[in-house]
Amino acid sequence: MDKERIKIILITEKHFGSEISVSGWVRTKRQSKNVSFITLNDGSTVNSLQIVLDMNDFDLELVDDINSGTSLSISGKLVKSEGKNQDFELIANELKILGKSDPEEYPIQPKRHSFEFLREVAHLRPRTNTFSSIFRIRHSIIFAIHKFFNDKGFYNIHTPIITSSDAEGAGEMFKVTSLDLDKKNIDFKDDFFSKPVNLTVSGQLNAELGALALSEVYTFGPTFRAENSNTSKHLSEFWMIEPEMAFYDINDNMDLAEEMLKYVIRYVLDRCNDDLLFLENLEKNEEKSLPQIQRNEYALIERLSKITENTFDRVSYTDAFNILRNSKPNKKGKFKFKVDEWGIDFQSEHERYLVEKHFKNPVIVIDYPREIKAFYMRSNEDNKTVAAMDVLFPTVGEIIGGSQREERLDMLTKRMDEMNVSKKDLSWYLDTRRFGTVVHSGFGLGLERLVQFITGMKNIRDVIPFPRTPGNCNY
RNA sequence: GCCUUCUUAGCUCAGUUGGUUAGAGCAGUAGACUGUUAAUCUAUUGGUCCUAGGUUCGAGUCCUAGAGAAGGCGCCA
């Protein structure tokens, strides 16, 4: 007898009419005198398998012990369903309870729970349709990213998680130590690495070393930021993809970013239709209680399809600045931060206006003022801007930040001096410019922000299995 | 970190200008039911109204402080 996962049973007909065995967790049970129904899910798909129990064949005591959350192993015959909501059902002839679930204690009920409540039981939320869908889609996104780069000949390199570099300026870092912090007069020379070290905030500088040897590389690793950020778009621990390519200028960099995002979204559209449909319906139901203006103009799957079909808009910082300065909300004083002086950094409200109101399309903004960007970005001819690029998406905002890197040693060291970045600490980085430097580019993609966009989830804490945020590190 | 709002049963929520013994649906429990679909029907258990002070004859409701959460903002991916 075949032991099979529910996904295979439901999408192929190969088991129809035969004896099979399945295992999974009970979603609901509907019990009556002569016949009972169990909705069984094993996480392989958002869809569940209906199990039919003829009550003449089973002890009442056994069936009474089956509740939401109970794990079961069942053998039976797969037949055409007499009910309306499913094509197949399993007529059970053997049933074994693997693990009981006390219905008075089990927090997941067969009803709608708030995401806030499910965050408090994050260890059990993968048992819900919503979160199992999200985590299956998250897997497909991860897999598609690796496949995209592998198919293009990129090499995946692991950049360090513990780092002695703190010159990247990407935010507050978590310190890593094996010292007893209760002791006074701590000297980091006595610490494990004989110096202070941190958790990484970016693999970029290390990835550049790889690119300047293997030409095209990418990192895909955890990233840690100790910023006290309390928003629906920030995590203290998240996953970042950072491709880094030798012989790519800023235009090649933009082309790659756009191609990658479209590839990944297409991949998910092609393979996760059931999960996307489920999330789309969830979103529609949520939006019913919202005023029209707060609802999405297009349903989830259509939003994703549009991304893959249309070319991203590309605009220089200066042009975007002029669009914003001349925009209605700016003239009417609707922006909290007025757009009046060239050189300001765009705020969330400005990015959202560009993407959602002006272009109504993903936008890549390039050539930002040098003063608001990092030291390693390549200076443009105008001596005012750098070859930076930010990919802005609807709802989630900045999904990618990247640049062409400054490959000219004299220009790079000049910027480091101006911005007080230690040349001594980064001498290994400068060596790439001393020995066979080349034009190169790269960018960073926040995995969770992409998952957020693709699943339509409003809060980033709901697209990572175990979210870490200020004051919150459980499980 | 800042601003705003919220915290009532296991969950989702109602609770009037401060006024008897704080309610509903779902879940749970007991029973009924020949095919259900978050099954249905009957009965029923369940409360530190976030915490600590205060005002008042009287506080779920008003005030102060604290804790936690959500949304927005900043920092960024």
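Order of the sequence lines fixes the chain letters, A, B, ..., with proteins taken first and strands second; residue numbering starts at 1 for each chain.
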Find the distance A:Gln109:CD to B:rC26:P and express it as a whole number of Å.
12 Å
What is the distance from CZ of A:Phe117 to C1' of B:rA70, rounded to the nearest Å?
16 Å
Just name whichever nucleotide pairs with B:rG47, Watson-Crick or G-U, keeping both distances under 3.5 Å, else none.
none
With a cut-off of less than 4.0 Å, is there a side-chain N or O of A:Ser114 near OP1 or OP2 of B:rU12?
yes
RNA chain B nearest-nucleotide lookup for A:Ser81 and A:Gln31: closer to the 5′ end is A:Ser81
Return yes if the base of B:rC26 and the side-chain atoms of A:Arg112 contain a donor-acceptor N/O pair under 3.5 Å, otherwise no.
no
Report the relative orientation of the aromatic rings in A:Phe115 and A:Phe131; use parallel for angles under 30°, tilted for 30 to 60°, perpendicular for over 60°.
perpendicular
Polar side chain donor-acceptor pair, A:Glu208 to A:Gln204, under 3.5 angstrom:
yes
Using 0.5 Å steps for rounding, measure from the CE atom of A:Met457 to the CG atom of A:Asp462.
4.5 Å
Atom C1', compared across B:rG60 and B:rC50: separation rounded to whole Å
12 Å
C1'-based separation of B:rU16 from B:rG72 [nearest Å]
31 Å
Nearest-angstrom distance, C1' atom, B:rG15 to B:rG53:
25 Å
Can you find a side chain N or O atom of A:Thr231 that sits less than 4.0 Å from OP1 or OP2 on B:rG74?
no
Does any nucleotide pair with B:rU56 by Watson-Crick or G-U wobble geometry, both distances under 3.5 Å, and what is it?
none
Can you check the A:Glu227 CD to B:rC76 P distance for me, whole Å?
8 Å
Separation of B:rC73 atom P from A:Asn230 atom CG, nearest Å, is 13 Å
Has the side chain of A:Lys111 got a donor or acceptor atom sitting under 3.5 Å from an opposite partner on the base of B:rC11?
yes
Using Watson-Crick geometry (N1-N3 plus N6-O4 or O6-N4) or G-U wobble (N1-O2, O6-N3), each under 3.5 Å, B:rU12 is paired with B:rA24
Between A:Arg325 (side chain only) and A:Asn330 (backbone N and O only), is there a donor and an acceptor less than 3.5 Å apart?
no
Whole angstroms only, please: what is the NZ-P distance between A:Lys29 and B:rA38?
17 Å
Can you check the A:Met389 CE to B:rA77 C1' distance for me, whole Å?
12 Å
Pairing partner (Watson-Crick or G-U wobble, both distances under 3.5 angstrom) of B:rA32:
B:rU40
Between B:rA70 and A:Arg461, is there an OP1 or OP2 to side-chain N/O distance shorter than 4.0 Å?
yes
If you assign each of A:Pro110 and A:Arg119 to its closest nucleotide in RNA chain B, which residue comes earlier from the 5' end?
A:Pro110
Does A:His113 get its side chain close enough to the base of B:rC11, under 3.5 Å, for a donor-acceptor pair?
no
Rounded distance (Å) that lies between atom C1' of B:rG71 and atom CG of A:Asn459:
10 Å
Per atom distances to the A:Gln347 side chain, the nearest of B:rC75, B:rG71, B:rU36 is B:rC75
Where does the angle between the aromatic ring planes of A:Tyr317 and A:Phe346 fall among parallel (under 30°), tilted (30 to 60°) and perpendicular (over 60°)?
parallel
Look at the side chain of A:Ser229 against the base of B:rC76 and say whether a donor-acceptor pair falls under 3.5 Å; ignore hydrogens and angles.
no
Taking a pair as Watson-Crick or G-U wobble with both distances under 3.5 Å, which nucleotide is matched to B:rA67?
B:rU7
Taking the six-membered ring for Trp, are A:Tyr353 and A:His358 parallel (under 30°), tilted (30 to 60°) or perpendicular (over 60°)?
tilted
When you measure only distances, ignoring hydrogens and angles, does the side chain of A:Glu89 come within 3.5 Å of the base of B:rG35 through a donor and an acceptor?
yes
Any luck finding a side-chain donor-acceptor pair between A:Glu287 and A:Asn296 under 3.5 Å?
yes
Counting only side-chain nitrogens and oxygens, does A:Ser348 get under 4.0 Å of the OP1 or OP2 atom of B:rG74?
yes
Distance below 4.0 Å between A:Arg352 side-chain N/O and B:rC73 OP1 or OP2
yes
Taking CD from A:Gln50 and P from B:rG35, how many angstroms apart are they, rounded to a whole number?
13 Å
